[in-house]
Amino acid sequence: MDSAAIFEQTFARYNRHINPGVATLTKFMGLEVAEHSAEGAYVYGPEGEAYLDCLGGPGVFTIGHRHPKVIAALKQQLDLMPLSSHILLDPVMAEAAEKVAGIAPGACEFVFFCNSGAEAIEGALKAARSHTRRPGFVCAEGGFHGKTFGALSASGRDVYKADFEPLLQGFTHVPFGDADALATAVGNDTAAVLLEPIQCENGIIVPPDGYLATAREICDARGALLILDEVQTGLGRTGRMWACDHDGVSPDIIALGKALGGGAMPIGAFVATEAVWDIFDQNPYVHTSTFGGNPMACRAASVALDVVTEENIAGLCAERGARLLAGMRQVADEFGNVIADVRGRGLLVGVEFVDPDIANLVIAGLVGERILTAFALNQPRVVRFEPPAVITSEEIDRVIGVMRQASADTVEMLGL
Ligand code: PLP
């Protein structure tokens, strides 16, 4: 079958068996090639059609697609033991946990591996309730933590919640970045404050300097835990190992996912202080997962963590992100009538348009030049750029050039 036939077959199968809305939207955006393979910063179609991956997962492919060290380790692990017996101790998981603990912020050193970011949040919420014996959570409006019931209850966009009410009780939402609102909301019944250090799906919102430090102080004063969701911001993405490093703040529990699997395996984790780990004192099986922490995923995580350090992924994200941000700011200066803001940290950059339809047209323009990106889930006015750290300066310059052209074409098309 040629590439066009593969796309049509895949499109029909999505329509019939997966999700017709996704199929239609993909076609509408001009993405009429099915994915076939990937390498570095590129995703390829069946006939080698090369797409520069500026969505990057989002946040999954920080060390690039199919990093050779991760792939080699996985092939080896597949020949040894892909899944755990759940009876004998697993040295692969033990090694991965030690490595996570070695780079985790502050005193977070006990690790529970799961399969996704949402599961990491579920575990963190359960741990906070169990450890503090308190019911409440304070979270941020517009925040995104995943779509399972607990994670969804913590998230802050109604459109994803309304159909699934009633959600979990005990969740209060306050404006992100507003320390006074946080101080008012956190009380003696608060188990934890749960925040993203930078709100990703809300359109790459960087909070004011000092906000996380104040959140830490508020939690300490009220006996609540601080949970930071670094599922998307973690492991170098923002130019530091953790986004909370920018503020010199460390949480009681950190949630990880996405890039932890080295762009090759699904894995999440919540990592907490020794004090919080009293949750397992009475019953070591109080929180479990059949596939969580399986040898394939942990092997990928172990190697990915080595790569993040050895290849200075945070440094690359800082340097290339600065170039991307500066370029996008120039484009915004030229198209001030349609671009409202450009913001971000490291290779986590958001361009906010004045209207979601304009954002969509610009995304389609990028796709036409085979650059992949998408809008932020909780803020469709924002086009986000989260390419792998292996993207080159030349490729970044090309993205900026295409963005300029796509913005110009959109302005002309709409007569603005
Ligand atoms: N937390 C954050 C900050 C996220 O960005 C996401 C996913 O985008 C999640 C949690 C949920 O992760 P997953 O989709 O792996 O469940």
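One-based numbering, in listed order, for ligands and for the atoms of each. For the numbers below, each heavy atom of this structure counts, side chains included, while hydrogens, waters and symmetry mates do not. The model shown is predicted, which means the values in this text are computed figures rather than measured ones.
Within ligand 1, the atoms closer than 4.0 Å to a non-hydrogen atom of S116 are 15 (O), 16 (O), numbered from 1 in the order shown. Counting the atoms of ligand 1 from 1 in the order shown, those under 4.0 Å from a heavy atom of G146 are 9 (C), 10 (C), 11 (C). Atoms of ligand 1 lying under 4.0 Å from any heavy atom of D229, numbered from 1 in the order shown and given with element: 1 (N), 2 (C), 3 (C), 10 (C).
Among all protein heavy atoms, the one lying closest to atom 12 (O) of ligand 1 is G117 CA, 3.3 Å. Residue, atom and distance of the protein heavy atom nearest to atom 8 (O) of ligand 1 are K258 NZ, 3.0 Å. Given atom 5 (O) of ligand 1, the protein heavy atom at minimum distance is Q232 NE2, 2.7 Å. In this structure, the protein non-hydrogen atom closest to atom 4 (C) of ligand 1 is F144 CD2, 3.8 Å.
The nearest pair of heavy atoms linking L347 to P388 is CD1-O, 3.8 Å. Here the shortest heavy-atom pairing between T373 and L55 reads CA-CB, 4.1 Å.
Between F171 and H173, the two ring planes are parallel [angle under 30°; tilted spans 30° to 60°]. Aromatic ring pairs are classed by plane angle as parallel below 30°, tilted from 30° to 60° and perpendicular above 60°; the pair Y160 and F144 is perpendicular.
Residue contacts with ligand 1, taken as heavy atom pairs separated by less than 4.0 Å, involve A118 via backbone and side-chain atoms alike. With a heavy-atom cut-off of 4.0 Å, H145 touches ligand 1 through its backbone alone.
Distance screen at 4.0 Å: atom 14 (O) of ligand 1 has no protein heavy-atom neighbour inside the cut-off.
A salt bridge is absent between R329 and D333; no separation between the charged side-chain nitrogens and carboxylate oxygens falls under 4.0 Å. E201 has a carboxylate O that lies under 4.0 Å from a charged side-chain N of R384, or vice versa, which qualifies the two as a salt bridge.
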From CA spacing to verdict: salt bridge (Lys or Arg N to Asp or Glu O under 4.0 Å), R237, E230: CA-CA 10 Å; R237 170 66 43 195; E230 294 241 17; over 6 Å; no

